[in-house]
A.B. asks: 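Please read through the structure below; I'll follow up with questions.
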Amino acid sequence: MSRQFRLPLHSPPSFAREHFAASPTNAQALEALDAWPRWVDGRLAVVGTAGAGKTHLARDWALKSGAVVVEAANPLEKPLDLPALRGRAVLIDDADRRAQGGHLDDETLFHLINMAGVDGGTLLLTGRSAPVAWDCAVADLRSRLNALPVAVIDEPDDIVLEAVLRRAFAERAMTPAEEVYPYLLRRIPRSSLEAIAAVDLLDEAAAAQGRAITRLLAGEVLAFGEDGED
């Protein structure tokens, strides 16, 4: 039987708060973000592992605050217009992974932090590690980073991972058997990225084999094996 090829059905990602799974692992970040614009000195850093939900929450905040968004991991096409950002809300996503040779250098980041809290300006930074661990060569910037208020998103729990799985399946227009969710939650690593990767593998296998997504298929594709557990 010839293999059937499907057109991609992925929905565009939504950063709306209602699509974020709140749990004790991210309560600190939610509380800190909801305190805007009453942040200490107009500054906040939200940190957590890859796939923890930092960008989701940050982009939701940026939409509500009308923030200028800077993706620090990508080189900027031109230097930031710092005077134009005075009094504005600014989001620097992936601030710990600033692109080498880009325009978001130590001096620019130093000025952005100093501008926060002036004329109503605010600054949100995200990173995988705490600001005290970020690389910088300017002593004054080091002191500013060390003083930033920090909200931590912990390793995802079952509440978050189940929401990630359900959203990933829905974005691919897939409806797995309900038994698949607890089965996967007991076996996949505690990582949102790993959860999405598992869904991608199941999507590909189900399409190639013309099968529904069941616990049996999940065990075969993800090499869990059958260990007698429910």
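Note that the numbering runs from 1 along the sequence shown for the chain.
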A.B. asks: Can you find a heavy atom in the side chain of R215 that is under 4.5 Å from one in the side chain of L184?
C.D. replies: no
A.B. asks: Do L91 and F20 belong to the same hydrophobic cluster, where Ile, Leu, Val, Met, Phe, Trp and Tyr are linked whenever their side-chain heavy atoms lie under 4.5 Å apart, directly or via other members?
C.D. replies: yes
A.B. asks: Any side-chain heavy-atom pair from D81 and P79 closer than 4.5 angstrom?
C.D. replies: no
A.B. asks: Are R43 and P131 close enough that some pair of their side-chain heavy atoms sits under 4.5 Å apart?
C.D. replies: no
A.B. asks: Within 45° of the axis and under 6.0 Å from the centre of the six-membered ring of Y183, does NZ or CZ of R187 qualify?
C.D. replies: yes
A.B. asks: Among L30, L57, V47, find the one that has a side-chain contact (heavy atoms from CB on, under 4.5 Å) with I153.
C.D. replies: L57
A.B. asks: Find out whether T25 and E155 are in side-chain contact, i.e. whether some heavy atom of one side chain is under 4.5 Å from a heavy atom of the other.
C.D. replies: no
A.B. asks: Does E194 use its side chain to pair, donor to acceptor, with the backbone of I188 at less than 3.5 Å?
C.D. replies: no
A.B. asks: So, is the end of the R144 side chain (NZ or CZ) under 6.0 Å from the ring centre of F110 and within 45° of the ring's axis?
C.D. replies: no
A.B. asks: Restricting to non-hydrogen atoms, name the atom on W39 and the atom on A32 that form the minimum distance, rounded to 0.1 Å.
C.D. replies: NE1-O, 2.9 Å
A.B. asks: Dump the intermediate steps for side chain to side chain donor-acceptor pair (under 3.5 Å) on S65 and W36, then the final yes or no.
C.D. replies: CA-CA 9 Å; S65 64; W36 178 83; 5.5 Å; no
A.B. asks: Taking E71 first and then R59, would you say they form a salt bridge - that is, a charged N and a carboxylate O separated by under 4.0 Å?
C.D. replies: yes
A.B. asks: Do R88 and M115 have side-chain heavy atoms sitting under 4.5 Å apart?
C.D. replies: no
A.B. asks: Search all heavy atoms of A218 against all heavy atoms of L202 and return the closest pair with its distance.
C.D. replies: CA-CD2, 3.6 Å
A.B. asks: So, does R167 use its side chain to make a donor-acceptor pair with the main chain of H19 at under 3.5 Å?
C.D. replies: yes
A.B. asks: Taking the side chain as every heavy atom from C-beta outward, state whether S192 and V160 have any atom pair closer than 4.5 Å.
C.D. replies: yes
A.B. asks: Test N114 against D140 for side-chain contact (heavy atoms from CB on, under 4.5 Å), laying out the working first.
C.D. replies: CA-CA 10 Å; N114 279 348; D140 286 340; over 6 Å; no
A.B. asks: Hey, does D203 have a side-chain heavy atom less than 4.5 Å from the side chain of F169?
C.D. replies: no
A.B. asks: Show the numbers, then the answer: is there a salt bridge (charged side-chain N to carboxylate O under 4.0 Å, His left out) between R128 and D96?
C.D. replies: CA-CA 7 Å; R128 297 183 181 183; D96 59 328; 5.5 Å; no
A.B. asks: Might you work through the salt bridge (charged side-chain N to carboxylate O under 4.0 Å, His left out) test for R166 and E162, ending with a clear yes or no?
C.D. replies: CA-CA 6 Å; R166 290 185 181 278; E162 182 173 347; 2.9 Å; yes
A.B. asks: Taking all atoms of both residues into account, what is the closest heavy-atom pair of P189 and L161, and its distance?
C.D. replies: O-CD1, 4.1 Å
A.B. asks: Could you go through D135 and R97, starting from their C-alpha distance and side-chain angles, then the distance that decides it, and tell me whether this counts as salt bridge (charged side-chain N to carboxylate O under 4.0 Å, His left out)?
C.D. replies: CA-CA 9 Å; D135 291 334; R97 298 189 294 131; over 6 Å; no
A.B. asks: Honestly curious: do V118 and V40 fall in one hydrophobic cluster under the side-chain, below-4.5 Å linking rule?
C.D. replies: no
A.B. asks: With salt bridge (charged side-chain N to carboxylate O under 4.0 Å, His left out) as the criterion, how do D158 and R190 come out once you've worked through the C-alpha distance, each side chain's angles and the decisive distance to 0.1 Å?
C.D. replies: CA-CA 8 Å; D158 281 0; R190 301 286 89 183; 2.4 Å; yes
A.B. asks: Decide yes or no for L112 and L80: does some side-chain heavy atom of the first lie under 4.5 Å from some side-chain heavy atom of the second?
C.D. replies: yes
A.B. asks: Looking at CG of L124 and CG of L33, how far apart are the two atoms once the value is rounded to the nearest 0.5 Å?
C.D. replies: 6.0 Å
A.B. asks: Crowded around E179 CD? As in, over 12 foreign heavy atoms under 6.0 Å?
C.D. replies: yes
A.B. asks: Begin with the C-alpha distance, continue with both residues' side-chain angles, and end with the deciding distance and a verdict on side chain to side chain donor-acceptor pair (under 3.5 Å) for D105 and T108.
C.D. replies: CA-CA 5 Å; D105 55 17; T108 301; 2.7 Å; yes
